[in-house]
2 protein chains.
Amino acid sequence: MSTEPPLFDLHRRPERRDAARNRELLLDAAHRLVDRDGVDAVTMDAVAAEAGVGKGTVFRRFGSRAGLMSALLDHGEARWQGRVISGPPPLGPGAPALDRLLAFGESRLERTLVSGDLMVAAAGRHGRSLPAVAFLVAHVRHLLAELDVTGDLPVMALSLLAPLDVTFVLPQLEAGVTRERILATWTDLVRRVVEAG
Amino acid sequence: MSTEPPLFDLHRRPERRDAARNRELLLDAAHRLVDRDGVDAVTMDAVAAEAGVGKGTVFRRFGSRAGLMSALLDHGEARWQGRVISGPPPLGPGAPALDRLLAFGESRLERTLVSGDLMVAAAGRHGRSLPAVAFLVAHVRHLLAELDVTGDLPVMALSLLAPLDVTFVLPQLEAGVTRERILATWTDLVRRVVEAG
DNA sequence: AGACCAAACGGACCGCGGTCCGCTTCTATT
DNA sequence: AATAGAAGCGGACCGCGGTCCGTTTGGTCT
């Protein structure tokens, strides 16, 4: 549950104790604000005030508002990734690859619906950074390989993930397209891709 | 080449003469700024100053920065749509539907590469507004129907368009994925969907 | 022509994300 | 324990998108 940011680059010295303490303070404060008033209320000034630190500290720790939002999102994402990697089937290992892939789509759509606003806030300028989707691509790619799909699997995996992205799902919901239609069509899409293997 | 914004709702009175004049002034100014200094230099204050009007006028005419960017984008989009609807095959009518669809993908990817930064700037909060993609969805949907693809065609059309969206294309390019790989994989994807009809 | 009023205008104003820099605090070293 | 210097800190400051409202302008009706 701790939230170290280095994780790569083992050369870098660990955070100073006060810095680590402030990181936790800020994450707690941000979480509290999201729960109480929603994502839009999470301004950098508000987080700083709620945590009792200076505004500069927020930027020093998280780089930007999108960075802070990503950090908030990561808690839930990590738990979800755990379910994908080692949870019960069909999402987790143990089920046939196609079942896993379809369960993955449904579960991912669910997460998009639940945390969509955070995902939007965590995306800077253009869409989310590639590291943020690296896990998704890797997993889909792996399942596609197991299903003997040939071709450029990394790009194909991302292409299959695109329709489930928050930037496409939310506008459709607003336009009256139901969750069920989106999921059914994604399932159809995946089946066609796999069957044409 | 004129840029009327009503176009729907015929009840609404036409724009007053000074308003129409200012709209043109502003679009010209914005275009000039884009060409000279790039999209990021197009701040609302800069456009107002360049056009010689007040800042409030810019917002009155275009609603927001994203709205102004959409208006800029629309010039090129309309020309491109014309090529799709009535240009030479295979993009325009006259070629077999699958050829048209594949040509559509290539041409759309090209446009994304050319005007990607404008597209990003024209997108508010979450992805582009649905009206902005309505034409794309309608066209792909039409071609899918001609190809006897069954299912939820509007959602399927959008799902096929998603991988070509600027929010997915630009990060991939930055990550070293070539234009050719993206196009080849999209072609592959479409072929699989159509063949499994 | 004059008068009326909706539409349009302009720019002061606000809140937010992000930067900067002088000051403080931690920690490694001796 | 003393010290040096890197890491962290805070908050004033800036530019931008967006709003507001008192003033001006242009179409319309008599």
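Computed from heavy atoms alone, side chains included, the values below leave out hydrogens, waters and symmetry copies. Below, chain A is the first sequence line, B the second, and so on; all start at residue 1.
Between B/D18 atom CG and D/dG26 atom P there is a gap of 5 Å when expressed in whole angstrom units. Put simply, CG on B/L68 is 15 Å from P on D/dC16, counting in whole angstrom units. Between the C1' atom of C/dA28 and the CZ atom of A/R17 lies a distance of 13 Å, rounded to the nearest Å. Atom CE in A/M44 sits roughly 20 Å away from atom P in D/dG15 (whole-Å rounding). Counting to the nearest Å, the C1' atom of C/dG10 and the CG atom of B/L26 are 13 Å from each other. Separating the CG atom of A/L25 from the P atom of D/dG8 is a distance of 16 Å, rounded to the nearest angstrom. Atom CG in A/D45 sits roughly 14 Å away from atom P in D/dG10 (whole-Å rounding).
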Exercise for review: Could you please spell out the steps behind the side-chain contact (heavy atoms from CB on, under 4.5 Å) verdict for B/R83 and B/S107?
Suggested key: CA-CA 10 Å; B/R83 295 221 313 277; B/S107 180; 3.9 Å; yes

Practice item. Apply side-chain contact (heavy atoms from CB on, under 4.5 Å) to the pair A/V194 and A/D148, showing each step before the final yes or no. Key: CA-CA 8 Å; A/V194 170; A/D148 296 320; over 6 Å; no

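In this structure the side chain of A/Q172 never reaches within 4.5 angstrom of the side chain of A/T178, judged on heavy atoms.
Across all strands shown, B/R65 has heavy atoms under 4.0 Å from sugar-phosphate atoms exclusively, and none from any base.
Contact check, A/R60 against D/dG8: a side-chain N or O comes under 4.0 Å of OP1 or OP2. In terms of phosphate contacts, A/R61 brings a side-chain nitrogen or oxygen within less than 4.0 Å of OP1 or OP2 of D/dC9. Proximity of B/T57 to the phosphate of C/dG10: a side-chain N or O atom is located under 4.0 Å from OP1 or OP2.
Set against D/dT25, C/dG17, C/dT27, the side chain of A/K55 has C/dG17 as its closest nucleotide. Counting only heavy atoms from C-beta on, B/A19 has its side chain closest to C/dC9 among D/dC13, C/dC9, D/dC9. For A/R16, whose side chain is taken as the heavy atoms from C-beta onward, the closest listed nucleotide among D/dA7, C/dG10, D/dG27 is D/dA7. Among C/dC9, C/dG18, C/dT25, the nucleotide with an atom closest to any side-chain atom of A/F59 is C/dG18. Checking D/dC9, D/dA12, D/dC16 against the side-chain heavy atoms of A/N22 singles out D/dC9 as nearest.
Below 30°, between 30° and 60°, or above 60°: for B/H139 and B/F135 the angle between ring planes is below 30°, a parallel geometry.
Between B/T43 and A/V53, the residue anchored nearer the 5' end of DNA chain D, judged by the nucleotide with its closest heavy atom, is A/V53.
In this structure, a donor-acceptor pair under 3.5 Å is absent between the side chains of A/T43 and A/D45.
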